[in-house]
Amino acid sequence: MLGPVILAASRSDRMRRLISAAPVTKRVVDRFIPGETVDEIVPIVRELTDRGLELTMDVVGEDITTPEQAEAARDAYLALIERLRTLELGTRAEMSVKLSMFGQALPGGHELALANVRPVVEAAAAIGTTVTLDAEDHTTLDSMFAIHEELRKDFPQTGCVIQAYLFRTEADARRLAGAGSRVRLVKGAYKEPAEVAYQQKHEIDKAYVRVLRILMEGEGYPMVGSHDPRLISVAQELARQAGRKPDEYEFQMLYGIRGDEHLRLAAEGHRMRVYTAYGTDWYGYFMRRLAEKPANLRFFLRSMISKG
């Protein structure tokens, strides 16, 4: 399986330098990350919302080593929210944040991440939108869930992400599926040991369906994070069985992947949200997109051969 190899490369400084220096890399990265600054991303936000889509915005970057970098990450999100406010697009775009970017891995990281993310959640609420806490590797999840619970005391619309490939996720889904919750379900994109996670695709797919059923039958708001046509059909059927209306759940897909499907679902009346990342520290995000799907890796390799 190439996925674990690619995920290992995502942590390699040598591979980072090699891939970043390849002439074709920027052209390929642009497929998944359409800008580096707020100014560059604004036309994308306008285009997608004009076409009936919603967004979740991610300022990429995870390798935070100082409190100052964590504060800079906070300020980058605050600048994004202010721009959305001036454009009157706040209700069409939410934020996705990784707590590692807010200092979670630093000394005193739990308290530091909470202190940095709270102003972002407050600012998002002020313009009529919200924040979803992205899931990272399994060692960070207890802290993430605790921060999520704390934020929901004042901002109950704050969402979180759960990953189907982890053994713990069915129990997490039952706990999180209460009234007012917002939960995004994804397969998972980190290299996890066999002691904590399913390793085979068919096992992960079955776990995804089990967890999705829990969310659809619960009282919260499920967010279906998948590009898999079969799982999208399963989600629609589970929603029908649970008596959910089209505005009582949503689909989420990555910018640059299956764009026609985004528009098809929106045209059918589904809520369709596009996960749109931007920023200069794109390497880790880009490598996980390659690891998640062989077609993404083939696209990258073909581009290197034909354009490099």
Side-chain angles (χ1 to χ4, degrees), residues 24-61 73 76-98 120 123-132 134 157 159 161 182 184 186 221 223-229 232 235 246-247 249-283 285-286 288-290 292-293 295-296 299-300 303 307:
V24 72
T25 296
K26 186 180 188 307
R27 291 192 293 272
V28 180
V29 169
D30 286 347
R31 172 180 174 174
F32 304 107
I33 305 175
E36 293 188 350
T37 67
V38 174
D39 287 339
E40 290 176 355
I41 207 70
V42 164
I44 303 297
V45 176
R46 286 193 181 279
E47 176 188 356
L48 294 178
T49 55
D50 286 347
R51 302 183 81 175
L53 302 169
E54 299 178 60
L55 292 87
T56 184
M57 308 291 296
D58 175 10
V59 183
V60 292
Y77 273 97
L78 293 175
L80 169 62
I81 292 168
E82 175 59 20
R83 180 61 64 89
L84 292 174
R85 184 191 67 79
T86 62
L87 295 172
E88 298 183 347
L89 289 171
T91 59
R92 303 296 302 280
E94 65 161 41
M95 315 299 133
S96 285
V97 304
K98 290 180 174 59
V120 176
I127 67 166
T129 189
T130 188
V131 170
T132 295
D134 274 336
Q157 70 275 27
V161 176
R182 296 175 65 257
R184 181 197 304 150
V186 300
Y221 181 76
M223 300 180 283
V224 184
S226 178
H227 306 94
D228 187 327
I232 290 168
D247 63 350
Y249 67 103
E250 69 181 46
F251 293 101
Q252 295 192 6
M253 299 186 194
L254 297 169
Y255 179 89
I257 300 178
R258 303 198 72 203
D260 289 345
E261 183 71 355
H262 303 176
L263 297 174
R264 183 188 72 81
L265 288 168
E268 290 182 355
H270 294 285
R271 294 192 70 182
M272 175 64 228
R273 192 177 301 276
V274 184
Y275 190 109
T276 306
Y278 75 98
T280 56
D281 190 12
W282 50 264
Y283 179 75
Y285 179 89
F286 175 65
R288 281 196 300 281
R289 300 296 77 78
L290 297 184
E292 283 174 344
K293 192 173 182 182
N296 294 340
F299 175 82
F300 181 54
S303 299
K307 304 290 186 180

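Because only heavy atoms are used, hydrogens play no part in the values below, and waters and symmetry mates are left out as well, while side chains stay in. Just so you know, these numbers come straight off a predicted model, no measurement behind them.
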Discussion item. How long is the straight-line distance from CD of Q157 back to OG1 of T132, given to the nearest 0.5 Å?
Written reply: 10.0 Å

Discussion item. Could you measure the distance from the CD atom of E40 to the CD1 atom of I33? Nearest 0.5 Å is fine.
Written reply: 12.0 Å

Worksheet item: Within the side chain of H262, is there an N or O that forms a donor-acceptor pair under 3.5 Å with the backbone of M253?
Response: no

Practice prompt. Drop me the distance from M95's CE to T56's OG1, to the nearest 0.5 angstrom.
Written response: 7.5 Å

Worksheet entry | Minimum heavy-atom distance between S96 and D134, given as atom pair plus value | CB-OD2, 3.7 Å

Worksheet item: Is the side chain of E47 donor-acceptor paired with the backbone N or O of P43 at a distance under 3.5 Å, no angle test?
Response: no

Worksheet entry | CZ (R51) with more than 12 external heavy atoms under 6.0 Å | no

Worksheet item: More than 12 heavy atoms of other residues, nucleotides or ligands under 6.0 Å from CD of E268: is that the case?
Response: yes

Discussion item. Test your reading of the model: is there a side-chain donor-acceptor pair from Y249 to the backbone of H270, 3.5 Å cut-off?
Written reply: no

Practice prompt. With side-chain contact (heavy atoms from CB on, under 4.5 Å) as the test, would you mind laying out the steps for E54 and R271 before giving the verdict?
Written response: CA-CA 8 Å; E54 299 178 60; R271 294 192 70 182; 2.7 Å; yes

Worksheet item: How long is the span from the CG atom in L265 to the CE atom in M272, to the nearest 0.5 Å?
Response: 6.5 Å

Worksheet item: Looking only at heavy atoms, what is the nearest atom pair of I81 and A124, with distance?
Response: CD1-N, 3.8 Å

Discussion item. For a 4.5 angstrom cut-off between non-hydrogen side-chain atoms, does I127 reach E82?
Written reply: no

Discussion item. Taking V59's backbone N and O only, do any of them form a donor-acceptor pair with Y77's side chain (distance below 3.5 Å, no angle check)?
Written reply: yes

Worksheet item: Looking only at heavy atoms, what is the nearest atom pair of R258 and I232, with distance?
Response: NH1-CD1, 3.9 Å

Fill in: Contact check, side chains of L87 and V45, non-hydrogen atoms, under 4.5 Å
no

Discussion item. As an exercise, state the distance from CZ of R85 to CG of L78, rounded to the nearest 0.5 Å.
Written reply: 12.5 Å

Worksheet item: Would you say D50 has more than 12 foreign heavy atoms packed within less than 6.0 Å of its CG?
Response: yes

Discussion item. Please find the pair of heavy atoms, one from L53 and one from A266, that lie closest to each other, and give the distance.
Written reply: CD2-CB, 3.8 Å

Worksheet entry | T276 side chain vs L55 backbone, donor-acceptor pair below 3.5 Å | no

Worksheet item: Would you find a donor on one side and an acceptor on the other, under 3.5 Å apart, between the side chain of T129 and the backbone of A93?
Response: yes

Worksheet item: Given the rule in the side-chain contact (heavy atoms from CB on, under 4.5 Å) test, do R92 and L48 qualify, once you have shown the distances and angles that lead to the verdict?
Response: CA-CA 10 Å; R92 303 296 302 280; L48 294 178; over 6 Å; no

Worksheet entry | Side chain R184, main chain M223, donor-acceptor under 3.5 Å | no

Worksheet item: Closest heavy-atom contact between V274 and L254?
Response: CG1-C, 4.2 Å

Worksheet item: Roughly how far, to the nearest 0.5 Å, is OH of Y255 from CD1 of I44?
Response: 4.0 Å

Worksheet item: Minimum heavy-atom separation for D247 to Y221, with atom names?
Response: O-CE1, 3.6 Å

Item to complete: Take Y275 and D58 through the side-chain contact (heavy atoms from CB on, under 4.5 Å) test and state the conclusion after the steps.
Response: CA-CA 7 Å; Y275 190 109; D58 175 10; 2.8 Å; yes

